[in-house]
K.L.:
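I'd like to ask some things about the structure below.
The chain is numbered in sequence order, starting from 1. In listed order, ligands and their atoms are each counted from 1.
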Amino acid sequence: MSDATAKKEQRRKLQAIKGTRDILPPETQLWNRVEQTAHEVFSTFGCGEIRLPIFEPTELFARAVGGETDIVSKEMYSFDDRDETSISLRPEATASVCRAYIEQGMQQLPQPVKLYYMGPMFRRERPQKGRYRQFYQIGAEILGGTDAPAIDAEVIEMLMTYFDKVGLHGATLYINSIGHNAENCRRGYVAQLKSALEKVKDQLGPDSQRRIDTNPLRVLDSKLESEQAIIATLPHIADHLCDECKTHYAEVKRQLEVRGVLYQENWRLVRGLDYYMRTTFEITAPGLGSQNAVCGGGRYDGLVELLGGPPTKGIGFAIGEDRLILSLQECGKGDVQQGRDVYIAWMGERAYAAAVHAAKDLRKAGFSVELPPVEQKFGKALGQADKLGAKYALILGDNEVSEALWTLKTLATGEQQKFPEPELIDYLKKGHQ
Ligand code: HAM
């Protein structure tokens, strides 16, 4: 490589990979608030946090999520480890939670085991507003115990309680039941759906045409405008559920009503992962455009067994944290504290020593403080305080140190007051309440 080319290479801007992004302060405060609220609300429902690996054997997702799903067939970041086993960045966490349930012998614990998690997931989707290749989920899974409809309803109640606490308004809950995998239930329905789809095949787009063979239920998910009228004529799963699944679904709805949770039924809600059975649900939120699903979930009673564990009931959900944050911001609920509380404008050696102490005491009392590292003229310091969005400037010069009285300037009003140090902290604390 010539010197010139090498220099050009060096100057080439290094950028984050498409579909990934940096989340910066002050927005990270909102992320922390949203996560902290999840810790608080989920623990009131008896859930404990599980921390999972970011990568897992590819086979885990192929078996759990399904080899034919978009997620596994097109969207995973998979690579061979040095020992040539295939590993993948996790595209979701339900599979990992079930793996951990089996591997850690959690079936020995009192059932059900209630777990929640948060963290990054990876899917190689086409990036757009609310859709990223590295995105974040906050999820919960309830494993073991019974498949009582009260559990489905309580999981959804927890979710809605969380959304309420975090300040998300205008969310809509959609529910459905996709029955179970038996001839007299979903399998019978899928056969009927398939033959109905064959009849209208030439009116469908290429994706839906392909899905008639690979996963006909997913045709119901289609957002293509041109397919909507045709989909509306297809048979509904509710008419094909077996008696047990029908009763289960009716009871889930009743249990939601008992809890005062509002819902809308959506017979087309089939979800894009293979492990679901019976209850499925999704929540949409305002301000998100086409990617408006802020949460998805459902029941997956056969999954632990499919992964080599004992027969185990399971239900859970995952919230798209990026979308939740976007929706909060769009609805004016994403306020974060901008700037510092106090900027210390000091001049002179003696004042500097006092400033260092003041910074220590103020920080101890919980205020965010900016202490400039080098002396500046007061005018410049006040300009700097303004730029940083500070609420107050604490002015410390020779006079203040000699009098042991500190000057506090409220930057919004320009008002100045003098205080002995202990009173200053009390005053600020009162202003902070
Ligand atoms: P999912 O519907 O694939 O379900 O994802 C859940 C949520 O993650 C979506 O509703 C959306 O908010 C968010 N999400 C998904 N993909 C992206 C993306 N590329 N960019 C931004 N946000 C995204 C699951 O993952 C299941 N594991 C949920 C579950 C848990 N079911 C039972 N337990």
K.L.:
Does the residue G139 have a heavy-atom contact with ligand 1, meaning some pair of atoms that are separated by less than 4.0 Å?
P.N.:
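For ligand 1, residue contact (heavy atoms, under 4.0 Å) with G139 is absent.
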K.L.:
W267 vs H236 aromatic rings, parallel, tilted or perpendicular, using cut-offs 30° and 60°?
P.N.:
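Ring orientation of W267 relative to H236: parallel.
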K.L.:
Side chain or backbone of R271 under 4.0 Å from ligand 1, or both, or neither, by non-hydrogen atoms?
P.N.:
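It is the side chain that touches ligand 1; the backbone stays farther off.
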K.L.:
What protein heavy atom sits nearest atom 12 (O) of ligand 1, and how far away is it?
P.N.:
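Result: A293 O, 2.8 Å.
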K.L.:
Against heavy atoms of E125, which atoms of ligand 1 measure under 4.0 Å?
P.N.:
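With E125 as reference, the close atoms of ligand 1 come out as 16 (N), 17 (C), 18 (C), 19 (N).
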K.L.:
Please list, in number order, the atoms of ligand 1 under 4.0 Å from a heavy atom of V294.
P.N.:
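Taking each heavy atom of V294 in turn, ligand 1 has 10 (O), 12 (O) under 4.0 Å.
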K.L.:
Give a yes or no on whether a salt bridge exists between D426 and K429, defined as a side-chain N under 4.0 angstrom from a carboxylate O.
P.N.:
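Judged by the 4.0 Å cut-off on N to carboxylate O distance, D426 and K429 do not form a salt bridge.
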K.L.:
Does the distance from a Lys or Arg side-chain N to an Asp or Glu carboxylate O, for D221 and R268, drop under 4.0 Å?
P.N.:
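Salt bridge flag = no for R268 with D221.
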K.L.:
Any nitrogen or oxygen of F317, main chain or side chain, under 3.5 Å from a nitrogen or oxygen of ligand 1?
P.N.:
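For ligand 1, there is an N or O atom that lies under 3.5 Å from one belonging to F317.
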K.L.:
For atom 32 (C) of ligand 1, grab the closest protein heavy atom and report residue, atom and distance to one decimal in Å.
P.N.:
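Ranking protein heavy atoms by distance from atom 32 (C) of ligand 1, first comes G316 O, 3.2 Å.
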K.L.:
Got a salt bridge between R254 and E251, using NZ or NE/NH1/NH2 to carboxylate O under 4.0 Å?
P.N.:
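Salt bridge: yes.
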K.L.:
Write out the residue and atom name of the closest protein heavy atom to atom 13 (C) of ligand 1, then the distance separating them to 0.1 Å.
P.N.:
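Result for atom 13 (C) of ligand 1: G320 CA, 3.5 Å.
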K.L.:
To check your reading of the model: name the closest protein heavy atom to atom 23 (C) of ligand 1, its residue, and the distance in Å.
P.N.:
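Sorting protein heavy atoms by distance from atom 23 (C) of ligand 1 puts F135 CD1, 3.4 Å first.
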K.L.:
Return yes when G130 approaches ligand 1 closer than 4.0 angstrom through a heavy atom, no otherwise.
P.N.:
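For ligand 1, residue contact (heavy atoms, under 4.0 Å) with G130 is present.
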K.L.:
Quick test of your reading of the model: are E92 and R90 salt-bridged, counting only N-O distances below 4.0 Å?
P.N.:
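The answer is no: the pair does not qualify as a salt bridge.
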K.L.:
Where does P91 meet ligand 1, judged by heavy-atom distances below 4.0 Å: at the side chain, the backbone, both, or neither?
P.N.:
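For P91, there is no contact with ligand 1 at all, from either part.
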K.L.:
Would you call the rings of Y275 and Y300 parallel, tilted or perpendicular if under 30° counts as parallel and over 60° as perpendicular?
P.N.:
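Ring orientation, 0 to 90° scale: perpendicular.
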K.L.:
Okay, side chain of T279, backbone of R299: is any donor-acceptor separation there less than 3.5 Å?
P.N.:
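No, T279 side chain to R299 backbone: no donor-acceptor pair under 3.5 Å.
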K.L.:
Quick one: do E75 and R124 make a salt bridge, cutoff under 4.0 Å?
P.N.:
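The answer is no: the pair does not qualify as a salt bridge.
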K.L.:
Under a 4.0 Å heavy-atom limit, does Y275 contact ligand 1 with its side chain, its backbone, both, or neither?
P.N.:
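Answer for Y275: side chain.
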K.L.:
Would you call E330 and K129 a salt bridge, using N to O less than 4.0 angstrom?
P.N.:
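Looking at K129 together with E330, the answer is yes, because their closest N to O distance falls below 4.0 Å.
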K.L.:
Honestly, is R133 close enough over F122, meaning NZ or CZ under 6.0 Å from the six-membered ring centre and within 45° of the axis?
P.N.:
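Geometry flag: not set, cation outside 6.0 Å or 45°.
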K.L.:
Could you tell me whether R363 and D341 make a salt bridge, using a distance below 4.0 angstrom between a side-chain N and a carboxylate O?
P.N.:
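Not counted as a salt bridge, because no side-chain N and carboxylate O are separated by less than 4.0 Å.
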K.L.:
So which protein heavy atom does atom 27 (N) of ligand 1 come closest to, and at what separation?
P.N.:
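That would be E92 OE1, 2.6 Å.
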K.L.:
Return the residue, atom name and 0.1 Å-rounded distance of the protein heavy atom closest to atom 8 (O) of ligand 1.
P.N.:
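Ranking protein heavy atoms by distance from atom 8 (O) of ligand 1, first comes Q137 NE2, 3.1 Å.
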K.L.:
Specify the protein heavy atom at minimum distance from atom 33 (N) of ligand 1: its residue, its atom name, and the distance to 0.1 Å.
P.N.:
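Nearest protein contact, heavy atoms only, for atom 33 (N) of ligand 1 is E141 OE1, 2.8 Å.
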K.L.:
Would T94 count as a polar contact of ligand 1, with the cut-off being nitrogen or oxygen pairs under 3.5 Å?
P.N.:
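Between T94 and ligand 1, an N or O pair is found under 3.5 Å apart.
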K.L.:
Going by the order shown, which atoms of ligand 1 are within less than 4.0 Å of some heavy atom of Y132?
P.N.:
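Within the 4.0 Å cut-off of Y132, ligand 1 contributes 18 (C), 19 (N), 20 (N), 21 (C).
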K.L.:
Identify, for atom 29 (C) of ligand 1, the protein heavy atom at the shortest distance, and state residue, atom and that distance.
P.N.:
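The protein heavy atom lying closest is Y276 OH, 3.3 Å.
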K.L.:
Is I315 touching ligand 1 with its side chain, its backbone, both, or neither, if touching means heavy atoms under 4.0 Å apart?
P.N.:
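I315 to ligand 1: no contact under 4.0 Å from either part.
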